A.B. asks: 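Sharing a structure with you now.
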Amino acid sequence: MDAALGPPQAMAAQREELTPMMAQYHDLCAEYDDSLVLFQVGDFYELFCEAAETAARILEIALTKREDSTGTYPMAGIPIDSAESYIESLLEAGYRVAVADQVEDPDEASGVVERAVTRVVTPGTLTESELLRSDDNNFVAALAHDDGSYGLAFLDVSTGDFVATGTGTRETVRDEVARFDPAEAIVGPEAPEGVFADGCMVTGYDPEAFAADAARERVTDYFGSPETHLAGRAEVRACGALLAYAEYTRGGEHGRLDYLNHLTRYDPREYMVLDGVALRSLELFERRSVHGSEGTALVDVLDETACALGGRELKDWLRRPLVDRERIEARLDAVEELSEDPLTRDTLRGLLADVYDLERLVSRVSRRRADARDLRSLKATLDVVPEVRAGLDDAESALLRDLRERLDGLADVRELVGEAIQEDPERELTEGGIIADGYDERLDELRATEREGQQWIDDLEAQERERTGVDSLKVGHNSVHGYYIEVTNPNLDRVPENYERRQTLKNSERFVTPALKEREEEILNASARADERELDLFREVRRDVGESAERIQDVADALAVVDVLVSLASVAAQYDYCRPEVGGDAVEIAGGRHPVVERTVESFVPNDLTLTRDAPVAVITGPNMSGKSTYMRQAALVAVLAQLGSFVPAESASLPLVDRVFTRVGASDDIAGGRSTFMVEMTELADILRDATEDSLVVLDEVGRGTSTADGFAIARAITEHVHDEVGAYTLFATHHHDLTAVAEDLAGAKNLHFRAEREDEDVTFVHEVAEGAATASYGIEVAREAGVPPSVVERARELVVENAENADVEAGEASESTATAASADGGRADAGSDVLDELARLNLAEMTPIEALTTLNRLQREL
Ligand code: ADP
Ligand code: MG
């Protein structure tokens with residue numbers, strides 16, 4: 001256990017003797033023993049003992065000490081004003097942070113000021129806008145086990161998104177976790193290991209929170225009977241524990257989280273499975289940087305959403321493509337309609353651009369963290385809703401019509417906020433300037449008193465000048481003495497009797513009168529009471545708005561979907577996508593393009609692809625850089641796009657409903673991803689061989705590269721045969737194992753495809769055009785030349801290839817005894833030379849990567 005957590009040893013040993021404040025610190029540390037406790041002392045948050053040492057080290061702040069009658073304790077403090085950035089660093093260092101604020105006015109406290117933990121900041125439950133920088137979802141997950149089943153729940157506390165799912169297998173748990181990519185997870189007893197990503201903070205959480213009864217009670221409290229939402233006890237346990245954890249992070253006094261109204265349960269089978277490997281290698285979300293420059297992810301080219309709500313929704317669609325044909329067609333109908341209607345699209349986008357992040361606003365309202373400006377933003381957004389609704393008046397597709405119905409303008413909420421909150425309110429809630437005139441009679445009275453008093457004072461100067469005949473007399477105000485009447489020294493003899501001296505300056509004296517004092521008090525009084533009244537009224541309004549949280553969330557949902565549909569339609573229209581046909585029993589893509597690559601190259605060459613039930617396997621060969629990987633990934637991306645309800649980058653596309661996309665990239669091709677071990681590659685392959693069905697789309701890119709050539713080929717061949725004979729999945733297999741083309745020829749359901757390179761004199765151009773049949777040559781040397789390998793080396797390599805070609809049958813990749821003999825029989829060369837020739841003859845260039853070829857050549861050259 002980390003000594004920085006829990007009550008400090010030095011204090012625990014003498015708990016009863018501690019000063020009241022230190023006793024308080026000790027007890028909070030004991031209660032929040034999984035967190036660093038930040039303990040408010042005036043304008044600072046302090047930490048003590050081991051926690052102080054840890055914080056000082058991480059934050060690079062001074063370590064001081066506190067001394068009292070019970071001892072000397074190391075101490076470190078951070079200013080409250082800049083606490084957020086320090087908290088962020090502590091999170092990055094892997095800690096949770098419990099913030100213990102003074103919850104009582106120190107001036108009014110008798111004895112030690114009361115403190116309470118008001119929030120526990122953890123990576124998965126961030127809500128504070130300073131720490132939550134992106135609009136993306138930020139999930140915390142819970143994983144529970146019960147009698148052979150697993151329950152998973154994901155919660156975004158900043159938006160109130162709460163989803164649950166369940167499964168019987170550890171692999172599915174891992175896949176579903178990959179979709180949501182939680183920042184943090186709590187796990188119950190007997191939860192499987194190794195299902196969360198490395199960056200995710202995983203904690204074994206209080207088993208009591210996971211206990212069946214407690215969990216069931218909590219879920220019921222929030223959502224009603226668990227049976228109507230969830231399938232199985234494991235899911236109930238996960239949801240219950242997650243609710244308990246979310247409550248815990250809101251600090252002791254908050255209790256129930258009102259804004260968690262929706263629990264959505266899904267079955268993993270409702271969505272196309274995209275495991276972590278597929279998500280990464282298809283680059284749906286992650287921009288994998290290419291040669292240091294920032295890469296582009298699918299979501300980047302697809303996202304033309306106008307508001308944060310839509311941005312998050314789009315990512316959710318992308319994360320979970322559908323497998324239900326009706327739902328897909330419903331989305332496609334809507335996208336099609338909008339894609340043909342640029343005017344409506346523009347109108348809607350213009351409106352949606354004015355939409356604030358409604359989900360986070362509602363969540364703040366419910367957590368009583370919203371300020372007056374938040375309520376104004378909420379109203380501004382709701383003001384747009386009737387217009388969005390009107391924009392959909394002529395909509396024909398069922399989905400758009402349904403969305404239109406859901407766009408409730410929430411007139412009552414708008415009216416309330418409009419009447420109650422000033423147009424440009426103060427951020428601070430305690431200093432007035434929040435509530436609008438005319439909303440509350442008492443507030444208006446107080447303000448009138450304030451104004452009248454002010455007016456009286458404003459008039460006082462003229463009045464007193466007249467009364468005293470002193471033209472230089474002034475009425476002023478300062479924060480120490482309040483209002484005063486100032487008379488310069490030469491005129492002091494004209495000061496009336498009722499003036500009381502207040503302050504003597506060098507050239508003048510300052511006075512007050514009983515009437516002025518009285519007025520002043522009246523103003524101050526009225527002002528303070530008005531501020532208080534405003535705060536009370538504001539809290540009331542916020543609570544009332546909070547009552548409508550569920551309705552607002554529903555509107556937010558509808559707005560989000562409209563935004564996504566408009567975005568998909570815009571992309572479709574702009575980049576010439578077509579409506580895919582889904583649900584057939586073949587992949588037939590005409591003129592397909594890679595949605596990301598086509599935006600980055602000058603002219604993209606479209607390609608066709610046909611895979612049928614009878615012939616579902618294609619082996620793809622061709623030189624490096626000829627377009628194999630791009631071609632295969634574009635097929636997978638087209639399938640993903642189609643099933644999330646988007647048009648696809650092709651002239652036409654007809655696709656089966658794919659249950660799962662598998663992608664595996666050979667180890668040596670994925671060094672950039674830092675996963676270059678052969679073991680990883682084989683583990684991933686094992687998943688395919690176990691889980692693929694005839695409805696899966698399997699993309700294998702240079703698999704079997706991380707081991708010896710013979711092994712690699714054997715594995716590649718065995719896989720091809722298995723996928724072909726046993727699984728029947730739609731499969732694309734790009735390979736450098738030339739021998740595999742012969743295998744494809746032998747299998748009834750497999751065919752060869754290849755990419756060509758055109759060679760003109762010394763130059764090679766890649767035409768990026770796929771064609772039937774197997775490739776014949778490798779162009780490693782030309783690629784090496786393009787990469788800037790010195791001409792002398794390239795030249796020598798060419799000679800060697802020519803010699804090699806004369807001596808061996810390279811194409812078939814046979815390293816035959818006879819060629820070696822032929823080379824030595826040729827005679828006339830030194831022994832070293834004949835050894836080199838011998839080895840050259842045995843080289844199978846088609847199987848080598850350019851680097852391998854070059855290294856070998858380099859060595860051979862040296863031997864010569
Ligand atoms: P391979 O897998 O055969 O080595 P890639 O698919 O990685 O080749 O493609 C290499 C590069 O060629 C890509 O980064 C892209 O710039 C370009 N490219 C690939 N396919 C096409 C295409 N159809 N049209 C235009 N350029 C392409
Ligand atoms: Mg490749």
Side-chain angles (χ1 to χ4, degrees), residues 277 280-283 287-298 301 575-576 589-609 618-638 648-651 653 663-673 675-676 681 698-706 712 716 732-738 740-741 752-759 763-771 774-784 786-787 845-853:
V277 186
R280 266 195 310 277
S281 78
L282 293 176
E283 303 186 337
R287 289 134 246 212
R288 207 193 280 165
S289 71
V290 194
H291 308 303
S293 71
E294 184 92 337
T296 313
L298 180 65
V301 301
Y575 297 96
D576 210 15
I589 300 172
R593 285 129 42 208
H594 190 296
V596 179
V597 176
E598 75 162 331
R599 304 254 191 121
T600 59
V601 297
E602 216 159 276
S603 69
F604 190 89
V605 182
N607 276 306
D608 301 345
L609 171 66
V619 169
I620 304 166
T621 41
N624 262 318
M625 296 300 284
S626 59
K628 302 181 297 297
S629 299
T630 308
Y631 178 69
M632 294 193 300
R633 286 192 171 93
Q634 91 193 19
L637 291 175
V638 163
V648 300
E651 267 156 46
T663 60
R664 295 300 181 263
V665 179
S668 62
D669 250 24
D670 195 23
I671 289 168
R675 303 162 54 78
S676 57
E681 185 182 327
V698 179
V699 169
L700 302 171
D701 198 346
E702 312 275 9
V703 167
R705 205 168 203 176
L732 294 163
F733 195 160
T735 181
H736 59 287
H737 288 298
H738 229 257
L740 208 56
T741 59
N752 280 303
L753 297 175
H754 73 278
F755 280 83
R756 282 180 307 122
E758 278 175 4
R759 190 203 292 251
D763 283 318
V764 168
T765 38
F766 297 115
V767 290
H768 303 302
E769 230 172 65
V770 75
T776 49
S778 162
Y779 289 82
I781 294 176
E782 274 70 20
V783 173
E786 273 184 19
L845 291 181
E847 285 184 7
M848 298 175 91
T849 65
I851 298 292
E852 279 166 0

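Atoms within each ligand, like the ligands themselves, are counted from 1 in listed order. Residues: numbered from 1 along the sequence shown. All values derive from a computational prediction rather than experimental measurement.
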A.B. asks: Kindly confirm or rule out an N or O of M625 lying under 3.5 angstrom from an N or O of ligand 1.
C.D. replies: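 Such a contact does occur with ligand 1.
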A.B. asks: Say whether Y631, considering both its backbone and side-chain N or O atoms, lies within less than 3.5 Å of an N or O atom on ligand 1.
C.D. replies: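 No, Y631 has no N/O under 3.5 Å of an N/O on ligand 1.
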A.B. asks: Taking a cutoff of less than 4.0 Å between a non-hydrogen atom of the residue and any ligand atom, is S626 in contact with ligand 1?
C.D. replies: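 Yes, that is the case, since the closest heavy atom of the residue is under 4.0 Å from the ligand.
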A.B. asks: Can you check which of T621, V605, V767, T630 brings a heavy atom nearest to atom 6 (O) of ligand 1?
C.D. replies: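 Selected option, by shortest heavy-atom distance: T630.
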A.B. asks: For ligand 1, is P606 a contact, meaning one of its heavy atoms is under 4.0 Å away?
C.D. replies: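 Contact absent.
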A.B. asks: If you round to the nearest 0.5 Å, how far is CZ of F755 from OG1 of T630?
C.D. replies: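 Answer rounded to 0.5 Å: 7.5 Å.
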A.B. asks: Closest by any non-hydrogen atom to atom 15 (C) of ligand 1: pick that one out of N607, D701, V597, V596.
C.D. replies: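 Comparing heavy atoms across N607, D701, V597, V596, the nearest one to atom 15 (C) of ligand 1 lies in V597.
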A.B. asks: Keeping the roles fixed (side chain from Y631, backbone from E769), state whether a donor-acceptor pair exists under 3.5 Å.
C.D. replies: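 Side chain of Y631 to backbone of E769, a donor-acceptor pair under 3.5 Å: no, none is there.
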A.B. asks: Distance-only, no hydrogens or angles: does the R633 side chain make a donor-acceptor pair with backbone N or O of V699 under 3.5 Å?
C.D. replies: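 No; zero donor-acceptor contacts below 3.5 Å.
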A.B. asks: Atom OG1 in T735, atom CG in L700: separation rounded to 0.5 Å?
C.D. replies: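 Atom-to-atom, T735:OG1 and L700:CG are 9.5 Å apart.
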A.B. asks: So among R593, R599, E598, which one has a side-chain hydrogen bond (donor to acceptor under 3.5 Å, both in side chains) with Y575?
C.D. replies: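 So, applying the side-chain hydrogen bond (donor to acceptor under 3.5 Å, both in side chains) to Y575 and each of R593, R599, E598, only R599 qualifies.
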A.B. asks: Could you tell me, atom by atom, which parts of ligand 1 come under 4.0 Å of a heavy atom of G627?
C.D. replies: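 Going through ligand 1 atom by atom, the ones under 4.0 Å from G627 are 1 (P), 3 (O), 5 (P), 6 (O), 8 (O), 9 (O), 19 (C), 20 (N).
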A.B. asks: Using 0.5 Å steps for rounding, measure from the CG atom of N607 to the NE2 atom of H768.
C.D. replies: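 Going from CG on N607 over to NE2 on H768, the span is 10.0 Å.
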A.B. asks: Can you tell me how far apart CG (L609) and CD1 (I620) are? Round to the nearest 0.5 Å.
C.D. replies: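 Atom-to-atom, L609:CG and I620:CD1 are 7.5 Å apart.
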A.B. asks: Which atoms of ligand 1 sit under 4.0 Å from any heavy atom of N624?
C.D. replies: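 Ligand 1 atoms under the 4.0 Å threshold to N624: 4 (O).
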A.B. asks: From S629, does some N, O or S atom reach closer than 2.8 Å to the Mg ion (ligand 2)?
C.D. replies: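 Yes, S629 qualifies, because one of its backbone or side-chain N, O or S atoms lies under 2.8 Å.
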A.B. asks: In ligand 1, which numbered atoms sit nearer than 4.0 Å to a non-hydrogen atom of S603?
C.D. replies: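 Result: 25 (C).
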A.B. asks: Using a strict 4.0 Å cut-off to heavy atoms of V601, name the atoms of ligand 1 that fall inside it.
C.D. replies: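 Every atom of ligand 1 under 4.0 Å from some heavy atom of V601: 16 (O).
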A.B. asks: Has the side chain of D701 got a donor or acceptor atom that lies under 3.5 Å from a matching backbone atom of T663?
C.D. replies: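 Answer holds: no.
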A.B. asks: Number the atoms of ligand 1 from 1 as they appear, then name those within less than 4.0 Å of a heavy atom of P623, with their elements.
C.D. replies: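 Counting atoms of ligand 1 from 1, those under 4.0 Å from P623 are 3 (O).
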A.B. asks: So is A734 close enough to ligand 1, meaning a heavy atom under 4.0 angstrom away?
C.D. replies: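 No.
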A.B. asks: Look at the side chain of K628 and the backbone N and O of H754, then say whether any donor-acceptor pair between them is shorter than 3.5 Å.
C.D. replies: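 Answer holds: no.
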